[in-house]
2 protein chains.
Amino acid sequence: MSEGNYHHGDLKNALIQVGVEILAEEGLGRLSLRKVAKQAGVSHAAPYSHFKDKQALIAAISTESFKELHIQIETVFLDYKENPKDLLVETSWAYLQFALTKPDQFKLMFSSVLEKEKKYPDFVEISHLNFQQLLIVVEICQDAKILKSGQASLTAVSLWSAVHGLAMLVLEGQISSVVLEEHGLKEIFLHSLNQIALVELK
Amino acid sequence: MSEGNYHHGDLKNALIQVGVEILAEEGLGRLSLRKVAKQAGVSHAAPYSHFKDKQALIAAISTESFKELHIQIETVFLDYKENPKDLLVETSWAYLQFALTKPDQFKLMFSSVLEKEKKYPDFVEISHLNFQQLLIVVEICQDAKILKSGQASLTAVSLWSAVHGLAMLVLEGQISSVVLEEHGLKEIFLHSLNQIALVELK
DNA sequence: ACCTGAACACCGTTCAAGT
DNA sequence: ACCTGAACACCGTTCAAGT
């Protein structure tokens, strides 16, 4: 048998993986270092051989989640890059779907768990990559007259804010249930994009 | 002397107030029931006479914070209601300023601390009031041709998402520092509003 | 009705000790 | 280098007991 593939250098990644599982099964509020350790089959102090503290593990889980998000959006990007209208809708929708499908991973990613002082280079790198991806989408849409021309970085932030804000508000149950039930999420989402876009998206 | 004004029925509000102070001074991560109790001068179990559990206290602090936000925006609303262009900019800006001035209160308000099942009627009421306020702003702006006409509730959600998302991303340090330093927050904010508005806002 | 103090199960972190 | 077990300070929650 080849189980027990921890304990030879892979415990670090195993802990990250277990963390993701706990987020999916029990939620952000129930993620503890000790539980991660137990679920990975090691003592509660073992994670300290691989992570400086709980923050560092959370940064690693967050980084892993940003990579998943990036891959998901990249797939959509490749499918639609010849069609700017669909590209804008589908990549944004993929972001929203990630948030709704993996709510606690998504919350963790944006849960101010990373204190500014400390640096997590992997995290910074993947964040940068995600923003570059968004910039490219914006530039394609500007060229195709789907979005107003101008500073792409500013429009990228606006677009990100709009989609991210909607994801957060939905996740937190803040959207009035009468609005949500009357129109449905997809219509609300498209309405947001259509506030920004120069042509009718659907 | 008239200190010690707790212990005659006001402990409940004292606990909420202490909670707000801890958020300002130490942050969301350091808010504990036991610390609130100690800082209010009572035993660690005393809060349970007024709140079912930690969640209930957090719901109360959150409700209190939403009231503060509402008052702040209402003040701006009254100042600018004759001028739709400024009204949209200034009420949205007030929301963003609240988030930046009281970051940990703001995070708490949107920290998925409230589980759907449980009901906190005060919380639901103030949430509803805030959304109504936003709806009125949107309707005024639609009448003045500042915003596209159509379902006000949909546009309200779009606007809220845009401003809320920007606030969150800034608070979490997710906005690329080169973009933030090059343009400044106000320009980024105005760019977001101008993506949505029918006329140039400044 | 409101509050206290002890108790319990859980948590993050440190550290000496083992391999 | 990597992991364990004991230890410490902290946490949320419950409960019998006090006023």
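Sequence lines set the chain letters: A, B, ... in the order given, protein chains first and strands last, and positions in each chain run from 1. Values below: every heavy atom of this structure, side chains too, minus hydrogens, waters and symmetry copies. These numbers were taken from a predicted model, which means no experiment stands behind them.
Spacing between atom NZ of K54(B) and atom C1' of dC11(C) amounts to 12 Å, rounded to whole angstrom units. In this structure, CG of D10(A) is placed 16 Å from C1' of dC3(D), rounded to the nearest angstrom. Following rounding to the nearest Å, L31(B) (CG) and dG12(D) (P) show an atom-to-atom distance of 8 Å. The nearest whole Å value for the distance from the NZ atom in K38(B) to the P atom in dC3(C) is 18 Å. Atom CG in L11(A) sits roughly 9 Å away from atom C1' in dC3(D) (whole-Å rounding). Rounded to whole angstrom, the span from the CD atom of Q55(B) across to the C1' atom of dG12(D) amounts to 12 Å. Atom CZ in R30(B) sits about 14 Å away from atom P in dG12(D), given to the nearest Å. Spacing between atom CZ of F51(B) and atom P of dA1(C) amounts to 18 Å, rounded to whole angstrom units.
Atom NZ of K186(A) is surrounded by more than 12 heavy atoms from other residues, nucleotides or ligands within 6.0 Å.
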For nucleotides 14-19 of chain D, 5' to 3', base contacts (B), sugar-phosphate-only contacts (S) and non-contacts (-) with protein non-hydrogen atoms under 4.0 Å give BB----
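Listed nucleotides dT4(C), dC3(D), dG12(C) differ in distance to L33(A); the shortest reach to its side chain belongs to dG12(C). For R34(A), taking side-chain heavy atoms from C-beta onward, the closest of the listed nucleotides dC2(D), dC2(C), dC11(C) is dC11(C).
In this structure, S32(B) reaches the sugar-phosphate backbone alone: every heavy-atom distance under 4.0 Å involves primed, P, OP1 or OP2 atoms, never a base.
The phosphate of dC2(C) has neither OP1 nor OP2 within less than 4.0 Å of any side-chain N or O from S49(B).
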Residues 129-139 of chain B side chain polar contacts: donor-acceptor under 3.5 Å, at least two apart:
{"residue": "N130(B)", "atom": "ND2", "partner": "I126(B)", "partner atom": "O", "Å": "3.1"}
{"residue": "Q132(B)", "atom": "NE2", "partner": "H128(B)", "partner atom": "NE2", "Å": "3.4"}
{"residue": "Q133(B)", "atom": "NE2", "partner": "E74(B)", "partner atom": "OE1", "Å": "2.8"}

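In this structure, Y95(A) has its ring center under 6.0 Å from that of F106(A).
In this structure, F66(A) and F110(A) have perpendicular ring planes: the angle between them is above 60°, well past the 30° mark.
By the side-chain contact (heavy atoms from CB on, under 4.5 Å) test, E181(B) is found to be paired with S177(B), residues two or more places apart in sequence or in another chain being considered. Qualifying salt bridge (Lys or Arg N to Asp or Glu O under 4.0 Å) partners for E125(B), counting only residues two or more places apart in sequence or in other chains: none. Evaluation of the side-chain contact (heavy atoms from CB on, under 4.5 Å) rule for Y80(A) yields V76(A), D86(A), L87(A), E90(A) as partners, not counting sequence neighbours.
Using a 4.0 Å cut-off between a side-chain N of Lys or Arg and a carboxylate O of Asp or Glu, E25(B) and R30(B) do not qualify as a salt bridge.
With a cut-off of 3.5 Å on both pairing distances, the Watson-Crick and G-U wobble pairs of DNA chain C assemble into stems of 3 or more at C:4-8 with D:12-16, C:12-16 with D:4-8.
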Q: Walk me through it: do E200(A) and K85(A) pass the test salt bridge (Lys or Arg N to Asp or Glu O under 4.0 Å)?
A: CA-CA 9 Å; E200(A) 173 86 2; K85(A) 269 171 75 162; over 6 Å; no
